[in-house]
Amino acid sequence: MGRSSKDKRDVYYRLAKEEGWRARSAFKLLQINEEFEIFEGVTKVVDLCAAPGSWSQVLSRKLRCNAENPEDIKIVAVDLQAMASLPGVTQIQGDITKISTAEKIISYFQGESADLVVCDGAPDVTGLHDLDEYIQAQLLLAALNITTHLLKKGGTFVAKIFRGKDVTLLYSQLKIFFKKVTVAKPRSSRNSSIEAFAVCEEYDPPEDYVPNMMNPLLDLQYDDFNQLTGVNRLIVPFVACGDLSAFDSDRTYPLQLKDAENYAYRPPTQVPIDPPYKEAVMLKRQNKLAKPEFQISHVTPTGSSAHHTDKSLSGESNTTTIDCESEKLQLSDSNIEQL
């Protein structure tokens with residue numbers, strides 16, 4: 001019942017399993033490509049924060065299938081976590097804030113630069129939009145730092161952002177390196193989410209710019225970004241990707257989308273290979289996550305003939321009586337130690 005309910009709630013979650021994608025986020029990159037044609041002429045691409053690999057999967061299918069020689073397509077996926085292998089995708093388990101990671105990518109490209117860099121990374125959200133937006137901006141700028149080492153002039157950079165009241169500063173920093181910056185909202189991205197994607201085209205760094213990992217990220221030197229004026233304040237175009245015929249990610253659809261087909265549950269295309277919650281699941285199966293039970297003895301009025309004692313988990317135990325003017329509170333010795 002739970003599985004069917006989850007399938008019914010999110011049509012893109014269901015379609016991802018039907019089409020063999022590792023996650024529903026694959027549709028976001030597909031819809032961005034439909035709008036901006038970011039895959040055109042691309043032979044070398046880097047997927048930052050790639051796990052579990054849905055965007056790398058899209059890159060592998062679309063670029064390799066359309067190429068005359070699939071071996072000419074070079075795709076590098078980078079993440080701190082390991083992920084299951086994909087055809088034609090080279091994995092690097094590393095930190096995108098380290099220069100050594102950039103050097104490994106460049107060595108795989110044999111000294112050449114990438115045509116496209118994508119990043120669908122995001123922190124574990126807290127629900128506090130201001131904090132989530134700030135942390136996501138830090139991640140995006142870290143991705144931008146390593147992108148300046150990897151991307152060729154005229155290349156494209158696509159990264160997830162959280163739109164908030166202070167996002168203007170982020171747009172301004174992206175505009176320094178790219179001639180064209182657009183915010184895209186794919187149809188598969190929920191309207192209730194502040195998530196969007198910055199599509200940065202025509203990479204053109206400032207003259208005499210030397211890529212480095214020491215570029216300052218967002219700090220506390222700014223007070224109100226909305227006070228920026230003139231060239232410092234940018235109005236970035238906003239584009240909704242996907243036409244009205246696409247499924248609405250906020251709507252609930254029936255399980256049977258096609259009249260001629262019956263609904264059948266499909267397991268995830270690729271289950272996590274080393275999830276952080278694996279140890280907790282194992283402990284739960286062994287019933288080692290259960291909270292210890294303890295009892296507090298009854299409160300009896302002073303002078304009452306009835307005298308209650310508790311039984312601890314290990315059996316009978318002595319009781320301690322505390323005088324509280326008109327009442328006596330009885331606690332077992334073993335329970336006092338637990339409390």
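Note that the structure is predicted; figures quoted are calculated from it, not measured.
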Report all side-chain donor-acceptor pairs from residues 58-67 shorter than 3.5 Å, counting only partners two or more places apart or in another chain.
unit_1	atom_1	unit_2	atom_2	d
Ser60	OG	Pro87	O	2.7
Arg61	NH1	Glu19	O	3.3
Arg61	NH2	Glu19	O	3.4
Arg61	NH2	Gly20	O	3.2
Arg64	NH1	Pro70	O	3.4
Asn66	ND2	Lys62	O	2.8

**Study point:** Point-to-point distance, once rounded to the nearest 0.5 Å, from CD1 of Ile161 to CD of Glu133
**Key:** 9.0 Å

Exercise for review: Would you give the length of the straight line joining atom CG of Leu170 to atom CD of Gln136, rounded to the nearest 0.5 angstrom?
Suggested key: 9.0 Å

Review point. So do Val199 and Phe157 actually touch side chain to side chain, heavy atoms under 4.5 Å?
Key: no

Revision key, fill the gap. To the nearest 0.5 Å, atom NZ of Lys180 lies from atom OG1 of Thr182 at 5.0 Å

**Study point:** Over 12 foreign heavy atoms within 6.0 Å of CD, Gln286
**Key:** yes

Practice item. Examine the side chains of Ser56 and Asp47 and answer whether a donor and an acceptor come within less than 3.5 Å of each other. Key: yes

**Study point:** Validation row: Leu29, Phe39 side chains within 4.5 angstrom (heavy atoms)
**Key:** yes

Exercise for review: Determine whether the side chains of Thr156 and Glu201 contain a donor N or O and an acceptor N or O closer than 3.5 Å.
Suggested key: no

Point to revise | ILVMFWY cluster, Phe162 and Val181 together (side-chain gap under 4.5 Å) | key: no

Review point. Which of parallel (below 30°), tilted (30 to 60°) and perpendicular (above 60°) describes Tyr209 and Phe177?
Key: perpendicular

Point to revise | Gap separating the NZ atom of Lys104 from the CD1 atom of Ile92, nearest 0.5 angstrom | key: 6.5 Å

Check your understanding: With distance as the sole criterion, is a donor-acceptor pair present between the side chains of Thr101 and Asp95 under 3.5 Å?
Key -> no

Check your understanding: Do the two ring centres, one from Phe197 and one from Trp55, sit under 6.0 Å apart?
Key -> yes

Exercise for review: Output yes when a side-chain donor or acceptor of Asp115 lies under 3.5 Å from a complementary backbone atom of Gly155, and no otherwise.
Suggested key: no

Check your understanding: Any luck finding a side-chain donor-acceptor pair between Tyr108 and Thr90 under 3.5 Å?
Key -> yes

Practice item. May I ask you to check whether Ser188 and Gln31 show a side-chain donor-acceptor distance below 3.5 Å? Key: yes

Check your understanding: Where do Ala50 and Asp79 come nearest, in terms of heavy atoms and distance?
Key -> N-OD2, 3.1 Å

Check your understanding: For the side chain of Thr148 and the backbone of Asn145, is there at least one donor-acceptor N/O pair under 3.5 Å apart?
Key -> yes

Point to revise | SB check Glu195 Lys28 (cutoff 4.0 Å) | key: yes

Point to revise | Side-chain donor or acceptor of Asp132 paired with backbone N/O of Val125 under 3.5 Å | key: no

Exercise for review: Answer with yes or no whether the hydrophobic clustering places Leu141 together with Val78; edges join I, L, V, M, F, W, Y residues whose side-chain heavy atoms lie under 4.5 Å apart.
Suggested key: yes

Practice item. Any chance you could measure Leu151, atom CG, to Ile146, atom CD1, to the nearest 0.5 Å? Key: 12.0 Å

Check your understanding: Could you state the interatomic distance from CG (Asn69) to OG1 (Thr43), rounded to the nearest 0.5 Å?
Key -> 11.5 Å

Practice item. Could you tell me whether a side-chain N or O of Arg24 sits under 3.5 Å from a main-chain N or O of Ala16, the two making a donor and an acceptor? Key: no

**Study point:** Closest approach of Arg22 to Ala84 (non-hydrogen atoms, all atoms of both residues)
**Key:** NH1-O, 3.0 Å

